[in-house]
Amino acid sequence: MAQKKIIHDVATGKTTVVDYTAEEQASYDDYNSTEKVTARKLEEIRTIRNQLLKDTDWKVTMAKEKGSTLSSGFKTWRDNLRKIPQDYTTETKYDELLARDTDGKLTHSVWSE
């Protein structure tokens, strides 16, 4: 299905709706291909996961320096973050991981410490 674009001529105030050119349509189709959409989802998941691990690395470092132990819940949470690539392998699972509430917060339990 051909995508449409809106062209507004400021000088005349006229608005026209036209089909994408063949080149624009090809670019649109390529950007929205299943492979590229999936790759973008995976990249977003990887970025979120890596940031959460990075944000909590200090706790691991401090525990090692002080000779203390981390809670088993905290360790399990970090392990589960590391296992995301093995545990979530379908686009449906990626969508579940990226689901957000009305405030924009991620809702999947794997993200909660």
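What you are looking at is a predicted structure, and each value in this text was computed from that prediction instead of being measured.
- Within a 6.0 Å radius of NZ in K64, other residues, nucleotides and ligands contribute 12 heavy atoms or fewer.
- Under a 4.0 Å N-O distance rule, the pair K93/E96 qualifies as a salt bridge.
- Note that CD1 of I48 is 5.5 Å distant from CG of L98, once rounded to the nearest 0.5 Å.
- Checking side-chain atoms of N32 against main-chain N and O of Y28 turns up a donor-acceptor pair under 3.5 Å.
- Note that NZ of K5 and OG1 of T21 are 5.5 Å apart. Values are rounded to the nearest 0.5 Å.
- Enclosure of atom CD1 in I6 is not indicated, since only 12 or fewer non-hydrogen atoms of other residues, nucleotides or ligands lie within 6.0 angstrom.
- Hydrophobic clustering of Ile, Leu, Val, Met, Phe, Trp and Tyr side chains at less than 4.5 Å, counting indirect connections, keeps L97 apart from V37.
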### Message
One pair to check against side-chain contact (heavy atoms from CB on, under 4.5 Å): E24 and Q3. What are the steps and the verdict?
### Response
CA-CA 9 Å; E24 290 169 330; Q3 298 299 309; over 6 Å; no

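- Considering only heavy atoms from C-beta on, H8 comes within 4.5 Å of V10 through its side chain.
- From S112, atom OG reaches atom CG of L52 across 9.5 Å, with rounding to the nearest 0.5 Å.
- E91 contributes no side-chain N or O that, together with a main-chain N or O of T38, makes up a donor-acceptor pair within less than 3.5 Å.
- The shortest non-hydrogen separation linking V110 to L81 is O-CD2, 3.6 Å.
- Judged purely by atom type and a 3.5 angstrom limit, D9 uses its side chain to pair as donor or acceptor with the backbone of A11.
- Counting heavy atoms from C-beta outward, K4 and V18 have side chains that stay 4.5 Å or more apart.
- Taking 4.5 Å as the limit, some side-chain heavy atom of I84 sits within range of a side-chain heavy atom of I45.
- One finds a salt bridge joining K59 and E113 here, because a Lys/Arg side-chain nitrogen approaches an Asp/Glu carboxylate oxygen to under 4.0 Å.
- Between R49 and P85 the shortest side-chain heavy-atom distance falls below 4.5 Å.
- A donor-acceptor pair is defined here as one N or O able to donate and one able to accept, closer than 3.5 Å; no such pair exists between the side chain of S27 and the backbone of E23.
- Salt bridge present: R100 and E44 bring a charged side-chain N and a carboxylate O closer than 4.0 Å.
- At distances below 3.5 Å, at least one donor-acceptor pair connects side-chain atoms of R40 with backbone N or O atoms of Y31.
- In this structure, E43 CD and N50 CG are separated by 8.5 Å, a value rounded to the nearest 0.5 Å.
- Expressed to the nearest 0.5 Å, how far CG of D95 lies from OG1 of T90 amounts to 8.5 Å.
- Between D57 and K54 there is no salt bridge, since no side-chain N of the basic residue sits under 4.0 Å from a carboxylate O of the acidic one.
- Contact of the R78 side chain with the F74 side chain is registered, since non-hydrogen atoms from C-beta on lie closer than 4.5 Å.
- Under the ring pair (Phe, Tyr, Trp, His ring centres under 6.0 Å) criterion, the residue pairs touching residues 88-113 are Y88-H108, with sequence neighbours excluded.
- In this structure, CH2 in W77 is found 10.5 Å from OG in S71, a value given to the nearest 0.5 Å.
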